[in-house]
Each structure stands twice: as C-alpha cells, then as structure tokens.
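Every chain is numbered from 1, with letters handed out A, B, ... down the list of sequences.
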Amino acid sequence: ATGCSTKSSNDATGTSGDDASTGTSSGPVELKDGSSVKLALIPGGAHPYFQPWKTTAEQDKTDFKLGGVTFNETGEWDQGKQNNVINSLAAQGYNAFGIFGVSPTDINSTFEDLKSKGFAVGSLASCPAGDTNSADFCLSTDVEAAAYKATKATIEAIGGEGTIVHLTGNNVDSNTQRRIAGVKKAIAETNGKVTELPVITDIDKDLQTAQKAVADLLASKGKEIKGIVTTAYNPAVAAADGVASSKLPIKVVAIDDDAKILSGIKSGGVAATVTQNPVGQAYVGGWLLALLGSKQCTMKTPGVIVDSGSFVVTKANVDTYDAERKAKTTELQKDFAAQLSCK
Amino acid sequence: MSAPVSETATAALQEPDAPVEQPRGGRTPWWANQRIGLLILVVALSALFGILRPAFFNQQLVVFPLLRDIAMFTVVGLAQMCVLSIGHMNLAVGRMAAFSMMITGISYDLWHFSLYAGLLVGLVAGTAIGALAGWVIARTGVNSFVVTLALDFLLLGLIPLVYTGLTDNAAFVTKPPGMRELRNYSLADVCIGNVCGSPAVPQLAMFAVIAMVVVGWIYSRTKLGRELLMTGTSVKAAELSGIPTARRVITAHAMSGCLAALAGFMLAVSTGSIKATIGEEFMLPSFLGPILGGTLLAGGFISVWGTLLGTALTSVIRKGLDLLGVGLESLNIYLGLILLVALSTDRFRTVLSDRQGVKER
Amino acid sequence: MTLFEASEVDKLFPGVRALDGVTLKLEAGSVHALLGENGAGKSTLIKVITGLYKPDGGRLLLDGRPVAFGSPHESASAGIGVVHQERNLIPGFTVGENILLQKLPTSRGLVDRGRIRSEAKRWLAELDLDLDPDLPVTELSVAQAQLVEIAKALSVESRVLLLDEPTASITPNEAERLFRVVAKLKNDGRSVLFVSHKLEEVFQICDTVTVLRDGSSVLESGALSDLTRDQVVDLMVGRVHEALTLPPRTVPDAAPLLELSGVGTATGHADVDLSVRPGEIVGLYGLVGAGRSELAKALLGLDRITAGEVRVRGEAVRIRNVRDALKNHKIGYVTENRKEEGVFLEQSVSRNIAVTVWDRLLKRLGRIPGLSYVPKKAESALVADYVEQLGIRIASAEQLAGTLSGGNQQKVSLAKWLAAKTEILIIDEPTVGIDVRTKDAFHTLIWDLAANGLAILLITSDLPEMITLADRVVVMRDHRVRGEVANDHDYDTMSQQVIRLIHAEAPAPA
Amino acid sequence: MKSLLRFARTTEMTLLVIGVVFFVFLVIASHGDLLEANSLRVLLQFLAVPVLIGLAQMVVLAVGQLNLAVGAVGGFAACAMGVLMADHGVPVPLALLIGFLLASLAGLANGLLVVLTRINGFIVTLATMTVLLGVQYRLVGTRTVDAYPQGLKSFGSYAVFGVLPLIFLVALAVAGLLALMLRRTVPGRQLLASGGNPIAARLSGISNDRSVIIAHTLSGAILGVAAILTIASSPGVNKSIGGDWLLPSFAAPIIGGALLTGGSAVVLGTVLAAFIVRFVDTARAEFSLEPSWVNFVVGTVVLGSVVLGQVRTRRQERRTVVKAPDAAVAGGVS
Ligand SMILES: Nc1ncnc2c1ncn2[C@@H]1O[C@H](COP(=O)(O)OP(=O)(O)OP(=O)(O)O)[C@@H](O)[C@H]1O
Ligand SMILES: Nc1ncnc2c1ncn2[C@@H]1O[C@H](COP(=O)(O)OP(=O)(O)OP(=O)(O)O)[C@@H](O)[C@H]1O
Ligand SMILES: [Mg+2]
Ligand SMILES: [Mg+2]
C-alpha cells in the first residue's frame, strides 16, 4: 500500500478509512509522475476568453512534467466538430481532456464517451446543463453568479435607481438563460427601484451586429437608460464604444478582461467589468487532470462542480485584481485536494 | 400493340442511308467519370493521411466518428439534392431539421414517445414543412431561393420562441431508451453467430444507407423520380408533356424536408440532445456534397453516389487536417486550398478526356 | 470578284466530323445559297467563318488574304455580318442597343443613347420597320425579334452578310421586305450567304449555290439557273429523291371528336368555331401571330377559356391541364417550339419518348399500394419500337436529345404523343427548320396517322404543307376564324382562296 | 410619360412605396423621435455597409454568378488594414489603399478561378471564402484590433449637418457610380449582356469570360470599400467582421428584383431593399422586439414583397416573346 504524499503530509486530518488517503485542505496534492499524461485543453472555438489557456497549458507542462499538452480551438463553436477534434486527439494518444463544451446540453454525452474509454475528463469554464455532470469535475465560472455580480455592479454605478438593459449572446444556449436569470435576480432585489428593458439577445455573432444593436438602442431609448450590463464579448466592446461616442451618461458594465475592455476601464468608458478566471481553470484543471490521468487519484464524488470565481473590476482595482484572482487559484487547488482520494 | 404508324410510313421514315447521329458524349473512359475521380481522390487522400498519421486508421476514435459524420452529411446533401433535381434550392434545410427535431423533442419530452415513434413524428413534420415551402413556390411561382430564405427566417424566429417557452435550457434533454446505444453502437455489436461486423462502422450509418437506397431507387426506377428530373430539365416541356409540375415541386420539397429531418435526427443522436441550433451548420455542406458529386445546380441531373463521395471528400480532408494538428490559423486555409486543387485536377481530367475526342456529361 | 473564300475547312466535334473539307466562295454582288439537310453542317460552317469555332483544318480568305478570326468581334470588324439560326437578343436591353451591341457608340466614355437611337432608326428603316428603338426587346413578337436581328447584322456595315435561316419565323410579307434589302445589298456589290430549307425562296433570290452533305460540299458554287429544284434536292439527299405521293385517304363520316363553338379566351380569341372528326386532318392556317398556338394552349387548359364551349366526343368539357387532356380525353399536343417545349434537351431520347407512358408501364413492387416502379425492359422495348417506326437515327437510346438534329428532335417530340396512344393530336408547325426529305417523311406520317383514325388539328404557316395535308383549311387572323375552305389539294386555287380570306376584312379592332 | 408608367410597374416602385409607408409608420410610432438628427444619423450610419454588400452581390448576380465569399473578402480586407495600421504603423491612406487592392485582388482571383478552372462559381467562392476566413483569423486571432489613428474613426463617425453620415454618402456614391457603369459604359453593358443571354453576347463578340472576371473584381472592389467603411466606423476589427454578411448580401438584391439567372442591374432596388431591412432593425429597437419576432417579420416582408413583384412580372410575361435561353441551351455553344 502506498501512502499519499502531499506537501504537508504531517497534517493527518484528511486520512480516510480505506487504503487510499486523501489530500489535505491545507495544500495541494503532489503529482508523482506526469509523464504518462498527455493533456488536451479544448475551448469551444476561437474566443479571447480562452487565450490565457494557451500559455497556461505550457505552464502545466513544465510545472507537472507532463508527457505533452495541446490547445486546440478548431471546434469552431460546433459540437459535432468539437467531438471530432476530441476524438482525433484521443487517437493520437491524448488521455486527459479539459473541455469547454460548445453545447451544454450535449456535452455530457461526449464526456460519457471519453470516460467509457478510460480518459480523464474535466469540464472547464462551462458546466453541462441540467443537474448532472458526467465529467470527473467541472471547474467553471458560475455564470449566473457572475451575471448577478455584474448587475449588482451596474446598479451600484447608476446609484441604485433607474433603468438598465442587458445585452447578451445566443438566446438558445443554456448559459445565456442562466445569465438572464442572474441579471433578473439582482434587479428583483432592488424592489422596483431598478427596472429592466427587455433583454437584447443574439448580438454576439459579430461586432457589427452588436454595434448596430447598441446604436439603435441608444437612438431610441438612450435617454431612458442609465446602465448597460453586457454578458458577452462583442456587445461589451460595442456598448463601451457606442456609449462613449454618443456622450450619454450611461454606465456600461462589461465582461472579461480583454485588452480592449481593460483600456475602457482605465479611460472611464467602462464602469466595471466582471472578469473570470481562465488561468485558474487551465492551471488547476490541468493539475487535476494530470492526477486523474496518471491514475494517481480519483475524485471522491465524481462530477463535483466548483466555481472558479468571478471578480468585479473597476477603475479602483484594475491594477490589483489579478492578485486576488491568483489567490483564488491557489485556494481552488487546496479545495480540490480535499475532494481527491489518492494512492 | 397496334402500331399507330403503318408500314408505308415507317418505310418512308427509315432512310437506309441516313447518318446515325453520334452522341456528343461518345464513350467516356472510366478515369474521366466524375464519380470515379472523386473516389480516387478520397482514397488517395485517405492513404496520404494514413501514411502521415497512422492514427487515421484508428477504428474507434477516427474511422467511426468520420463515418458517422459522412453518413449524416450525406443525408443533408441528399436533402438538398432532391430540390436541386428540379432546379430549386432549399436554403432552409438546416432550419427544417431544427423544426422537425423540435417536434420530435416535444414528442419525447411531453408525450414520452419511443425513439422511433419520435423519429417518425419528426419525419412527418419535416415532410410537412418541406411541402409547405413547395406549395408556396408552386402557387406563387416565386423563386425557391427567396421562399426558402424567407421560411428560414420565419423558422429562425419561431423555433427559439418554442424552445424558451417549453424548456429550461433551450434544449430537450429527455433521452428515450435506445438513443445512447444508437449513438455508440457499431457493426461490432451486430453479430450473426460468432461473426460480428466492423467496430469502425457506426450503426447510425444505416439511416444514410437507407436514405441513399430509397432516394437512389426513386430517381432511377420510379415514375416519380423520372418526372422530377424531367421537371428539372425543363418545366415548360414537363408541363406540356402532362407532368403535374406543381405537384412535383411540392414533392421535391417535401422529400427535402423529410431528409432534412432525418439528418437532424442523426445529428441529435450523435451529439446528444435536441436543441434549437440543430442544423445551423447544414447549409454549405448540403450544397457541397451534391455539387462536388456532379448534381447540376440547374436541375435535371443528380447523383446519389456523387453526393456520398463529395461529402466524404470534404470530411476526409477535414479529419486529416485535424489529425495533422493543423491549428485554426491554417486549418481553413488548407481546407480551401486542397478543395480547389482537388477540383482543378478533376477538371483537368475532364479536359484531358475531351482532348481524346470524347466529352463527359 | 471573290470577296470571301473558305477552302478545305474541317471542323471536328468530339465524336463528330461536322465539316470535312468544305469549300465555299462568296462573290461580290451576288447572293449565294448554302443548302443541305439537317445536320449537314451549314450552321457549323457559318460559326467557323465568324470566329465562334476554331477550324481544325483549311483556310479562310478575305479579299484573297488569309484571315483567322479569334472571336465574333474580329470577324465583325473585318466586315462580316451574321444572323445566326438561334435567337440572340439580350432580353433586358432595348431594340436600339441590341442592334448596335457589337459596337456601342460612345461619347466621352459613356454610351451615347442619342446616337444609338438615330443609328438604330436608320437600320430599322432599311427594313421598312417602324419600331421604337427604345422599346425593350421583350415586348417584340417573334417575327419582329427576327427582323431586329437582321437589322443588327446590317449595322456592322458588312461587305459579307451571312443569313442562317432568317425566314423560319417571319411572315411571307416580312420575308419579301427582307428580300428587297438583300437585293439592294447585292446591287451595292456586297455578298450575301443565304441558308434556308424553303427552296422556293432560294430559287427566288439566290444566284449560286453550295450544297453540303454529311459535312462535305457535294456542289460548290453551282449556278442556280442551271439547276432544277429536283436536282438540288437529289444533291442534298445524295440519291434520286422521289416526289412525295400520298395514298388516297377518305375521311369517315363520323361525329366530331373535338368541337369548339363560340370559344373566347383570355388572350383575346373570340367566336372560334372548329370541329375535327376522327380520321380527318383539319388545317389551321394563319400568318405568324394569328393566335393559333395560343388557341391550342387554351384548349389544353394553359390559358383561360372565357366564353363558348369545348366538346370532346360530344361531351362539354373543361380541360384543366395537359395531363388532364392526355389522361381523360386522349388529346396530345406537339408544340411548335421544340427546343423549349417539345423535347427535354438534357435528357435521354428514351426518357423523352417514354415520359407520357410511365403510368402505363408501372409495375407493382410488393403489396404496398403506391409502391411501383418503371421496368427498364418494358421501357426500352417501347422506346425501341417507336425509334424504329419513326426512323429516329440515334446511336443509343441513352443519347441526350439535345445532341440530335432538328428533324430527329421533332420526331422524338412526336413519338411521345404517339406512344401515349392519343386519339386527338394537335400538331403545331411540325416542319419548321426541317429538311426536304424529313419533311416528306413527316407528311407521310401525319397522313398515315389520320388514315389510322386519329383526329388531327394541324397548325402550320407553310401553305404548301397545308395544302398537301389538310382535308379542310380553317383560316385565322387576329384571334378570330375568318373562314373555312375545303381542300382540293391544288396549290393555285387553294392559295388564292386562303389569301383572300386572310385579307378579306379589315382586322378587328385590338 | 411612357417611361414613367413603366417605372410605376417596377419592383423599385413597390419597394419605394413599402419603404415610405414603413418609415412613416416608424415615425408615428416613435412620436417623431425618429426624425431627430441623431436618430436619422444612426439609421443611415448602419445602412452604408449593407448597401455595399448588397451591391457587391448584385454585380456578380448580374452575370449569373454568385459570391459566397462576400463576408470573407470584406472581413479579411478590414482586418488586413487594421493590422497594417495598428501593428506595422502603416499610414492610414496607404493601409486603406492596400486593403482595397487586396479585396479587389481577391475578387479578381475568384473571377480568374471561375474562368480558368470552369469549376462552378458556387464551389470556387466557397473555397476562397474558406481560405480567406483562415487568413483573417491568422491576421488577428481572437483580439479586437483598434489601435489605429483617431482620424480614421472620426471620418467614420462624421456626419454632414449631423444627419448625413459621411460613410453613407460614400456608399451612395459607390451605388451611383455602379449604376452609371452598368447603364452607360461599354464594359457595364457587356457585363449585363453576358448575364442576360450568354450565347447571344458571345455571338455579338462579347467575351463572357471577361464579363465574369470584371464582375467578380468589381464585387471585390466594392467589398474593399465596405471594409474601409467598416474599419472607419467600428470600435475595432476582429475575426467576426463579415461573419453576418452572406444572407443580407443576397437578400437585398433579390428583394430588389435581381434575377438569379443574371442580366438584371437593380442598383436602386438593392439600395431600397437595404433601407427596408434597416427599418426592421429600427423597429426592433423601437418596440424592444425579441429578435425572434424580427426574423419572423423579415421573413414575411421578403415573401410579401417578392410575391407582389412576381404577380406583376407574370402579368408582363404574357407579352414576352424573347427570353433568356435556359441553362440547357446555354451549354450549346462553347
Ligand atoms: N457544339 C457542338 N458540339 C458537338 N456537335 C455539334 C455541335 N454543333 C453541331 N454539332 C454537330 O455537327 C453537325 C452539323 O450541325 P449543324 O448545326 O451545322 O447542322 P445544320 O446544317 O445547320 O442543320 P440544320 O439545318 O438543322 O440547322 C451535327 O451532326 C451536329 O450534331
Ligand atoms: N398584335 C400583336 N402584337 C404583338 N405580338 C403579338 C401580336 N399578336 C400575337 N403576338 C405574339 O405573337 C406570338 C405568336 O402567337 P401565336 O403563337 O398564338 O400565333 P400563331 O398563329 O400560332 O403563330 P405561329 O405559331 O406561326 O408563331 C405570341 O407570343 C403573341 O404574344
Ligand atoms: Mg443550322
Ligand atoms: Mg404558333
């Protein structure tokens, strides 16, 4: 019987009854041998959000001495294509997969396929729709919570009163539905002080569509609106720009921390943005997948869902929020250690 | 049979020394046949990819999903081919698939239908919506491009309304028994005695085979198929030959809708759930397969095999590039270029065969 | 003086030697006829001369100097004008622009509309044609369109003018006008090449003749005055061509199969009375545009009948479409426009013939109703039967109809209605653009069909053909029946009677 | 007078009436707000690009071709200009010129490929679309490029009298030039002749190949202008630019009365159709409509206007004798 070697193995609180021991809550589990693990990080398609994954994947490789890593965005936002990419990678020897499923309602089937072939699978940055998660774990932003936080930030920026509007992406995506719910929840809590115009969906396909929708909105309703909360990339860029050029006193709260949006925060064009934790997802996810893929550990409760955190960034903390995010990442690793049972 | 033409007239008409008019086509050498050209291309590219990446022949992880894809897109191509046969287009193939799967989804979710009963309901819905498009075209005489485009927008509006109204996640996730098996099972799960099929061939492909056989049979053997092709060649001449062209227009679009529904079902089974975005990716492949395979955009000539091979060509190229690890920066560039080069060589063969004094159809 | 010469020209198409050492000489100040059966290579020769096809052998000489035209543009610049056999006007353009399309007048980089108008007027005037140059060509009648094309050919101020069957779709009157222009060109010292299947015209206007047979010239620049009609025909056919003799035929005294009384249509027919008995050929004569084809189409339900009554076998009927006419009334319609309406050019001969009879051939598959197929064997047997009966010359039944000559296409178009076992047959302009021999064969065939009891309504603008075949001639003008003449098969008396009917009254107000 | 009557029966007239009625309705619904300078400016600002992409498609439709690569050509050119200015410091006019030339070259390549390989234009433009999408991604990746000089952006947002956006005027100017070219220049007339009846055009000494190449190149050039207007008026350019151009590019000319078989020059119709589609957007914002309903309305409008047009042409067709030969005949001479 092999004991579990952790950084703080003297801490005995995590020892369980069976012959495997768990990691502890005070530190991450040490990976013994990553060389058998070939890790694939697979976003849904090309999107600025996933760009940190690319560098983090390399980080994973050096930190955990993995046998190989790849970052493959050729799924092009089509579940069928993404499944093909995953299968092709599997055929080439990749055995641990961190996946952003294109279609939250379909991705469990993909996870099940991979699991049945003995691969380690993590759902990253998005969890399957519904109550079950067939991957080993899901490490993702709680989109409803993020939308809720963004709305809270918007309400705060407009002084707690007035009309706001929510701009978002594909209406028939379960994540969008969750975002809409998050926004509604925050507004409901104001007891009618803040009202919401009908949500504008389906404008994330391209920048011009978003820009046109924003311009039309500002032209027809610009005087009523006090705040705009966006939960998709192109609408965020378009709203920041549209409001700035219309010179209306409207507060825009954006999503993510693409360079374009951060510069908006700094210049004051964007009141706040809610950033997520892509680095944390890729790093902690990669570490977990390595542990699972090398068969060193298993999840105590397969399919556990963990929030990777979302952070409100304003002009005040625009230079420091990354530290907060890094702290969260370390904490995530610790939390997960408690969820593992390792050899 | 009583001959309407008497011996004397026949004798007058048959001039013994009148020249026989040679067909312009003459004899086409086998290597100039478009279908065979495609087959050679597909095989050669597969071999090339196989040499570069032996994993290309991995039965479960590469060939199985590849065949599943080819099967589905072949059905999509057949759906477009049916309307191309009468010289029309169906820009709403994808949305028709989404619409019929929506009905199927409702039948699973709300009425607890079995897998195949739901499929049947979907096929009927697809047929109906296709027939509707055909009916509008036949009645108004408006270009099929415009009618199906408008219908596409209409359904694009309707479908999300239904999904957001009926479901929480904008998808029907109820899986009737058998769906998971259909997704994963291959011929290896079909055994006669001790002999089992290949694990590389997905069972889902049987739908494509059935569709190809039925559609192929309709076009080659039945009156309906012939009348469709005649309508495609010349509506005027068809009408003046007693073919009910309006009804044939409706039939062609109904067939298209039905096949679109089948393709939607195959997509739903192979990805996992029934959602509003089903079929969004169908439009371009639906044209690509048949047209690469020799089906005429103008109508009047189709090829079921060609549709399969055209679809296979694009799927194989994409799969090969996947395996070669071509990143998104280069993937589409290579995809487009290979397609162009492959087709230019095809064209080159035709020219070469023309030089030899024959001309391909 | 030889203006233009083509010598030893060869042209190969995949599988066909369309021209085989053809020589043609065009003299200044003369009109030269180019004759030959369908598919002899007349149009091909014209296309070679005008740079549309590259010859595979031989030389072209203009004014004795060798020339090679890479495109129609070059030949036009060199002074060769042409009216092709196919219609070739641009639908969206005006009459004026179509006439001057080959060299649109410009001023300061822009198309000069004023000059288009004035120049087009000039060319139209040459043809005594009073047409507004700003009229879109889509509003022209067939004959007017043909005349515009002739004006277009004149507009390049050609020294050599090639006319490929220019009279196929214009009235005798308009043809006369064209001939006057040709005569004027001839007097100006230009050279005209004239292709036609109407030998009367050829003898009327041409000086010399070249005859093609199977792609080679069997007579080069013979003087027409030295030749008789029969000699020319024999040359074209390649052996002694016997004059057509039709066996006597009597019309049985039976009740009419098809009867129209007081029929009016949405297109403007009024008070049309007509009847056809079994075994009878009723001719419907009129000038182009008299409304005969439109009457036929209205009969078949393709246009609305607004007044009167149509009776088939004594019963008043309302025919909805061709299918209805075929299935329920056994009426067939051989259209005048064979390329667009008569045959499916891009389909096999076999399908073209069997299209009306698939219903009859169907074999059930299994027990399920509606599941049936067309047995290949029965289909090819039927097709082979008609191919043989009508003497359709093809290499195989799978050959595309579009690759056949006009005459054979017309036979295919007729075959499908014979195959359908119709009892009433409307035949519209069966021999337009068809050579002498095939024409005779067609006449025998139509005659024979009537002898076998078919009721035939024959529409034709070819008066000799009408007089050869019809039992009665109904004359139409401006969508009305102007009278009826019993045919005595004597050309002189008949033609006088018919022409008199046509010009009898002033045309009805539009 | 006669030509006036003829105009009254055209698709353009129908569209004009629909457009005016729609606009008046919107003005009333917005209680006159729509007539404010700012609202009008926004309305017109976003008409520039749709008008141009509609025209880019119309030109190729006029020769009986189609161009699936409209979005890819435009997006690629816009991104190329953005990258040149932001990453390589190329001066604005030069970068715009290069972008415009690149788009024109892409169009030329389409035309040459169609003519030289004789592969169906559908497949050729599909292939070039795929390639250019790849190039566009390679150029900008997932970022939004916006670090180009402010001057360009102020050009993009400048409006004459605060109402007429400069970019809209540019689009109108392009439409005017195109109309002039198709109506009054020899290459333009030849292009339409090739589309209207290729055989007849060939028999009249017109090179159909040249017409096809000119049409595709023109299409590329118009897309080049569209790309310039896009980069000038957008907050930045990224890989999504051009992603939504395909369907509108077909919708505008076809609603405007273009025939898929070629031969029709409907510049005014295309512009008017773009207006109507734009009014739908405005209505969406005005009534806070769900996009689903908007799609529904667009579908209905398209169908409605074309059915109307069809009824009219049918009435005219009764008198029609000369028609474009069908494709079967078109194969005859080659
Ligand atoms: N483009 C082509 N490709 C192949 N064969 C052709 C082509 N054009 C003509 N032919 C063949 O060349 C031969 C001569 O045809 P052509 O049209 O010159 O005859 P024609 O004398 O004008 O006949 P008609 O009197 O019917 O007009 C025919 O056998 C025809 O089938
Ligand atoms: N007065 C007229 N002005 C212009 N066009 C006319 C006129 N009368 C008839 N037409 C056109 O001429 C064409 C010929 O008509 P139709 O086919 O009915 O005549 P037809 O007597 O059968 O002549 P043919 O068959 O010899 O051409 C029709 O398309 C019709 O629209
Ligand atoms: Mg000819
Ligand atoms: Mg007629």
Side-chain angles (χ1 to χ4, degrees), chain A residues 40 43 45-47 50 54 68 70-94 101-114 116-117 119 128-132 134 170-178 180-181 201-202 205, chain B residues 53-66 68-69 72-73 98 156 159-164 167-173 175 179-180 183-184 266-278 280-281 315 318-332 335:
Chain A
H47 195 281
F50 300 115
K54 214 188 251 177
T70 186
F71 168 81
N72 190 323
E73 54 192 348
T74 52
E76 299 192 69
W77 302 105
D78 174 31
Q79 189 59 61
K81 286 199 182 114
Q82 190 184 35
N83 287 347
N84 276 332
V85 168
I86 294 169
N87 279 316
S88 301
L89 290 172
Q92 293 189 291
Y94 286 91
V102 173
S103 164
T105 50
D106 287 323
I107 197 65
N108 266 340
S109 307
T110 308
F111 292 158
E112 282 157 21
D113 284 359
L114 290 171
S116 72
K117 291 175 181 122
F119 299 124
D131 304 327
T132 47
S134 305
N170 187 3
N171 186 24
V172 284
D173 181 88
S174 63
N175 282 335
T176 304
Q177 295 297 324
R178 291 185 209 169
I180 294 174
T201 59
D202 297 313
K205 281 201 196 78
Chain B
R53 287 283 182 284
F56 189 82
F57 297 122
N58 182 318
Q59 298 203 339
Q60 277 178 26
L61 290 169
V62 178
V63 182
F64 180 90
L66 178 64
R68 201 167 59 181
D69 255 28
M72 181 184 79
F73 282 115
L156 182 63
I159 294 167
L161 292 177
V162 174
Y163 271 98
T164 42
T167 66
D168 297 334
N169 294 312
F172 295 106
V173 290
K175 289 195 178 65
M179 193 153 160
R180 190 184 313 263
R183 164 189 165 82
N184 288 326
M266 291 168 76
L267 179 64
V269 168
S270 68
T271 55
S273 75
I274 293 175
K275 55 188 188 295
T277 52
I278 275 184
E280 244 171 18
E281 306 286 321
S315 302
R318 192 168 178 105
K319 193 69 173 183
L321 292 176
D322 262 357
L323 279 170
L324 290 177
V326 175
L328 196 51
E329 318 82 51
S330 320
L331 182 78
N332 283 319
L335 203 64

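With rounding to the nearest 0.5 angstrom, the NZ atom of A:Lys81 is 9.5 Å from the CG atom of B:Asp69. In this structure, B:Leu331 CG and A:Glu76 CD are separated by 6.0 Å, a value rounded to the nearest 0.5 Å. For the atom pair OG1 (A:Thr105) and NZ (B:Lys275), the distance works out to 5.5 Å, reported to the nearest 0.5 Å.
Smallest separation of non-hydrogen atoms from B:Arg318 and A:Thr74: NH2-O, 3.3 Å. Nearest heavy atom pair, residue B:Gly272 against residue A:Ser109, reads CA-OG, 3.4 Å. Nearest heavy-atom pair across A:Asn171 and B:Pro160 is ND2-CB, 4.4 Å. The nearest pair of heavy atoms linking B:Ala55 to A:Ala91 is CB-O, 3.6 Å.
For B:Gln60, the CD atom counts as loosely surrounded, since its 6.0 Å shell holds 12 or fewer non-hydrogen atoms of other residues, nucleotides or ligands.
Heavy-atom pairs under 4.5 Å with chain A peak, among B:Thr167, B:Leu323, B:Val173, B:Asn58, at B:Leu323. Your options are B:Ala276, B:Gly325, B:Ser273, and the one with the most heavy-atom pairs under 4.5 Å with chain A is B:Ser273. For the options A:Ser103, A:Ala46, A:Gly93, A:Ser88, heavy-atom pairs under 4.5 Å to chain B are most numerous at A:Ser88. Interface summary for chain A: among B:Val326, B:Thr271, B:Asp322, the most heavy-atom pairs under 4.5 angstrom belong to B:Thr271. Note: A:Gln92 leads A:Gln79, A:Glu73, A:Gln92 in heavy-atom pairs under 4.5 Å with chain B.
Contact annotation for A:Asn170: only side-chain heavy atoms (C-beta onward) come within less than 4.5 Å of a heavy atom of chain B. Using a 4.5 Å cut-off between heavy atoms, B:Gln59 does not touch chain A at all. Using a 4.5 Å cut-off between heavy atoms, B:Thr164 touches chain A through its side chain atoms alone. Interface residue A:Asp113: only side-chain heavy atoms are found under 4.5 Å from chain B. The contact between A:Asn83 and chain B is made entirely by side chain atoms (from C-beta outward), counting heavy-atom distances below 4.5 Å. Only the side chain of A:Glu112 comes within contact range of chain B, with heavy atoms under 4.5 Å apart.
Using a 4.5 Å heavy-atom cutoff, the side chains of A:Lys117 and B:Leu61 are in contact.
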